[in-house]
Amino acid sequence: MLTVFGSAALDTIRTPKKTLKGVLGGAAVFAAISASNFTKTGMIAAVGRDFPKRYHNILSKRLDLQGMTVAGNKTFCYDGIYDKTLSTRKTLKTVLNVLEKFKPKVPEEYKKSKFIYLANNDPKQNTTLLKEFDNVKFSMCDTIDFWISTKQKAVIKMIGSVDAVVINDEEAKILTKEHNLVKCAKKMMDWGARYVIIKKGEHGSLMFFEDVVFPSPGFSLDDVLDPTGAGDSFAGAMIGYLAKKNSTKMSEIKKAIVYGNVVGSFAVEGYGLDGLLRLKQSDISKRVRLYERMVRF
Ligand code: AMP
């Protein structure tokens with residue numbers, strides 16, 4: 001079983017063609033739904049009493065929700081706007097609401113999880129929560145500029161407590177104060193992460209482990225609607241695949257990264273969670289075969 005911990009959100013997403021208000025989002029939600037294509041996934045998250053029942057129903061069809069609690073009146077809210085190329089997003093508002101004082105609890109059944117994903121969330125909560133698992137084989141975390149600017153020390157401590165960090169290129173640069181991605185990765189490895197995966201949006205990702213570097217291009221698409229949650233979908237598919245294989249062999253880690261890129265590419269083809277919710281297993285395997293053809297030479 002895989003456990004995902006992080007934010008569940010009501011998002012406002014402003015794209016050049018469409019604005020979505022109060023839609024289901026959050027890093028843990030994207031990651032857990034993505035991972036559920038591969039393995040049984042439990043999600044630990046807090047929502048408010050304002051969290052719509054229909055969103056709860058969407059989640060309960062795909063996830064184990066023993067770890068989801070109503071912890072106050074208002075759900076975490078994120079508001080972001082994309083530029084006209086959809087490649088840069090500016091955060092307009094981050095309102096923590098229930099996340100501010102949330103004391104997450106790990107359900108007994110989840111404590112045996114060997115694979116843990118600490119999605120974008122308060123880094124202190126993430127580090128504390130990880131200690132509650134007895135049998136961890138592979139743990140991975142992500143973060144975002146908001147936490148880097150408000151709790152940088154805690155972010156560095158979190159990176160030191162997990163096996164792997166997935167982070168986007170801009171955030172890696174801000175966090176490590178380096179311009180070169182190889183230097184960024186080395187610094188995060190010095191802080192304690194054994195694997196560093198740097199996401200580069202439409203350009204794919206770079207994975208670093210000891211002296212191995214594994215670049216994986218993004219799946220080329222001509223129609224992107226909404227990149228929100230692509231990074232979380234990437235990470236969810238990656239760790240979901242590893243949990244399914246119960247393996248951390250380098251060959252499986254590389255395949256997991258390809259699945260991450262492929263599932264991430266579906267996420268950006270729809271608004272909000274739509275791309276992931278309409279996804280079928282056969283779509284994933286078909287696109288993985290296309291991807292293989294695309295990169296083989
Ligand atoms: P991504 O596009 O991969 O960066 O993920 C966007 C998702 O992360 C959105 O659904 C947001 O609700 C969530 N998110 C944005 N900012 C934060 C934050 N500071 N903490 C936790 N989750 C966040």
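Note that this is a predicted model, so its numbers are computed, not measured. One-based numbering, in listed order, for ligands and for the atoms of each.
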Are the aromatic rings of F38 and Y259 close, with centres under 6.0 Å apart? yes
R14 charged N/C atom sitting above Y82 aromatic ring, 6.0 Å / 45°: no
Quick one: which of K173, K183, K187 gives a salt bridge (charged side-chain N to carboxylate O under 4.0 Å, His left out) with E178? K187
Nitrogen or oxygen atoms of A9 and ligand 1 under 3.5 Å apart: no
Mind checking whether T228 has an N or O less than 3.5 Å away from an N or O of ligand 1? no
Run the salt bridge (charged side-chain N to carboxylate O under 4.0 Å, His left out) check on K199 and D142 step by step: do they pass? CA-CA 11 Å; K199 299 170 286 178; D142 188 8; 3.3 Å; yes
Please work out whether any backbone atom (N, CA, C, O) or any side-chain heavy atom from C-beta onward of D232 is under 4.0 Å from ligand 1, and answer side chain, backbone, both or neither. both
Relative to ligand 1, is N120 under 4.0 angstrom through side chain, backbone, both or neither, heavy atoms considered? both
If we only count N/O pairs under 3.5 Å, is W147 in contact with ligand 1? yes
Less than 3.5 Å between some nitrogen or oxygen of G229 and one of ligand 1, yes or no? yes
Centroid separation Y110 to F133 less than 6.0 Å: no
Can you tell me the protein heavy atom closest to atom 22 (N) of ligand 1 and the distance? S7 OG, 2.8 Å
What protein heavy atom sits nearest atom 11 (C) of ligand 1, and how far away is it? D11 OD1, 3.5 Å
Verify side-chain hydrogen bond (donor to acceptor under 3.5 Å, both in side chains) between N168 and E170, making sure each step is shown before the conclusion. CA-CA 6 Å; N168 88 26; E170 288 313 315; over 6 Å; no
